[in-house]
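The block underneath contains the structure these notes are about, expressed in structure tokens.
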There are 2 protein chains.
Amino acid sequence: MPSPHCLPDSTEDLCQPTIKQSTSNIVDGIDLEDIREFARTFKVRRLVLGLTQTQVGQALCATEGPAYSQSAICRFEKLDITPRSALKIRPVLENWLREAEEKHQQGNLQQIAGMDFINISAIGKIRKRRTFFSPEALVVLNSRFEQSSHPSGREINSIAQEIGYERDVVRVWFCNKRQSLKHCQSFQRSRINLKSSDSTEEDRNSSSPTQP
Amino acid sequence: MPSPHCLPDSTEDLCQPTIKQSTSNIVDGIDLEDIREFARTFKVRRLVLGLTQTQVGQALCATEGPAYSQSAICRFEKLDITPRSALKIRPVLENWLREAEEKHQQGNLQQIAGMDFINISAIGKIRKRRTFFSPEALVVLNSRFEQSSHPSGREINSIAQEIGYERDVVRVWFCNKRQSLKHCQSFQRSRINLKSSDSTEEDRNSSSPTQP
DNA sequence: ATGCATGAGGT
DNA sequence: ACCTCATGCAT
DNA sequence: ATGCATGAGGT
DNA sequence: ACCTCATGCAT
């Protein structure tokens, strides 16, 4: 398990970079380059089979082992996941792909993708409807986040009241915001690149937005 | 040429839908299904060659015929273009692909992608730096756009002043906003779908955002 | 492809 | 009662 | 992949 | 002087 609590309010630092953003080739004894190559060929072979990410996800539901959603497959192909996650998903996709290609060799063109599901939901708890924040609310949320990424309970109450959304929805927004920021380490990395020799253009066009 | 001026301020209507969003199979005598299939196999074969969209774009620069940027290739593969555009790009990609695969059959693995360009810019006019609008400015712009998608010269002046950006940058924002909206026709199309029979849940969770 | 929601596991 | 992390649903 | 910029062609 | 449309650059 990695160390906990490594976001000390400065918008810097990172815990679990995604593979895509990692520059090194081996992390925690995991060969990232190997995973990168598999992700690439997986995508090619999936497309050759003529299948969408959604279809693969449905097909996985029909197998014995663990299943993954379209979202997970999308993130795997983009390498938008931590090495640890990739290590879990990879064998599942690998095994499924092998079997799918075998069936394809024979003529079972129909049997590869899972049947179109008759969405058997309506079982168990109903999931809360997704909240959409208005642009105005997002302005407030983001500016509050810049002030403090870990607002206290009282602060959350006040923010929720200000923008007119449920308290818990605001709390979760901060959780998700923190989580997504962790995957954004590559922010401002290679800056000293080769450019035009003079700095004239650099000065001429200040990118400061407020200048009425 | 299609009819001009078909955005009568109601956020409805559409002139040039993209192929992706078109539901019919033939438009203006162009076989969309045919283009869809080519786009799919183009992507597969590009990936089999191990090339990125960027590399294809660079390779096209090295050929005689017309060249296209990575952006154009991306939009073609996603079918995020009008049928008319697709008809222009398609033969270019088709010819390039054939030649690339021939070279690949022989062993010229290196010669397929264009050489890494030593970006010979700094010739001719310098392009204006891209403007980034702050979330606050976007809130204003979008609300003004809802009021009127074709603000007069005076109105543009006043908006520019209000948000503190150059007048022309604001004008162009409205142009681009109108343009991108045209490609968004599929907004609210299939609404009468099969759902849970009762309407209880429909009422319980009003999606109106402001409810403090 | 991505933003909000869930749930397991932890303090 | 909060958090993180992996992951999914619905867009 | 996508938002702002450019330029051709048009009123 | 405005517009649309196709397209590119830089993110």
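We name chains A, B, ... by the order of the sequence lines, and we start the count at 1 in each one. Just so you know, these numbers use all the heavy atoms, side chains as well, and skip hydrogens, waters and symmetry mates.
Atom CZ of B/Arg84 is separated from atom C1' of F/dT4 by 13 Å (rounded to the nearest Å). Taking atom CZ of B/Arg178 as the reference point, atom P of F/dC5 lies 11 Å away to the nearest angstrom. Across the protein-nucleic acid pair, B/Ile73 atom CD1 and F/dT7 atom P stand 12 Å apart, rounded to whole Å. Following rounding to the nearest Å, A/Lys177 (NZ) and D/dC5 (C1') show an atom-to-atom distance of 18 Å. Atom CD1 of B/Ile89 is separated from atom P of F/dA6 by 10 Å (rounded to the nearest Å). With rounding to whole Å, B/Leu87 atom CG is found 18 Å from F/dC5 atom P. For the pair B/Phe174 CZ and F/dC3 P, the computed distance is 10 Å after rounding to whole Å.
Listed by chain and residue number, B/Arg36 satisfy the salt bridge (Lys or Arg N to Asp or Glu O under 4.0 Å) test with B/Glu33 (two or more places apart in sequence, or in another chain). Judged as a side-chain hydrogen bond (donor to acceptor under 3.5 Å, both in side chains), and not counting sequence neighbours, the contacts of A/Lys177 are A/Asn142. Partners of B/Arg45 according to the salt bridge (Lys or Arg N to Asp or Glu O under 4.0 Å) rule, which considers only residues two or more places apart in sequence or in another chain, are B/Glu101. Scanning for salt bridge (Lys or Arg N to Asp or Glu O under 4.0 Å) contacts around A/Glu136 gives an empty result, with sequence neighbours left out. Judged as a side-chain contact (heavy atoms from CB on, under 4.5 Å), and not counting sequence neighbours, the contacts of B/Arg40 are B/Glu37. Residues passing the side-chain hydrogen bond (donor to acceptor under 3.5 Å, both in side chains) test with A/Ser85, sequence neighbours excluded: A/Thr82.
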With sugar-phosphate taken as primed atoms, P, OP1 and OP2 and all else as base, the protein-contact string of nucleotides 1-7 of chain C at under 4.0 Å (heavy atoms; B, S, -) is BBBBBSS
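Here A/Tyr68 reaches the OP1 or OP2 of D/dT7: one of its side-chain N or O atoms lies under 4.0 Å away. Distances shorter than 4.0 Å separate some side-chain N or O of B/His150 from OP1 or OP2 on F/dT4.
If you check every strand for non-hydrogen atoms under 4.0 Å, B/Ala86 touches nothing. Among the atoms of the strands shown, only primed sugar atoms or phosphate atoms (P, OP1, OP2) are found under 4.0 Å from some heavy atom of A/Arg167.
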So what does the secondary structure string of DNA chain E come out as, 5' to 3', with Watson-Crick or wobble pairs under 3.5 angstrom, [ ] for crossing and | for pairs with another strand? |||||||||||
For residues 64-71 of chain A, please give each side-chain donor-acceptor pair under 3.5 Å, one per line with the distance, not counting sequence neighbours.
residue: A/Ser69; atom: OG; partner: A/Ser71; partner atom: N; Å: 3.3
residue: A/Ser69; atom: OG; partner: A/Ala72; partner atom: N; Å: 3.3
residue: A/Gln70; atom: NE2; partner: A/Gln53; partner atom: OE1; Å: 3.1

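A salt bridge is absent between B/Asp168 and B/Lys128: the closest approach of a Lys/Arg side-chain nitrogen to an acidic carboxylate oxygen does not fall below 4.0 angstrom.
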Working note: B/Leu138 + B/Trp173, criterion side-chain contact (heavy atoms from CB on, under 4.5 Å); need CA distance, chi angles, decisive distance, verdict. CA-CA 10 Å; B/Leu138 285 171; B/Trp173 185 89; 3.9 Å; yes
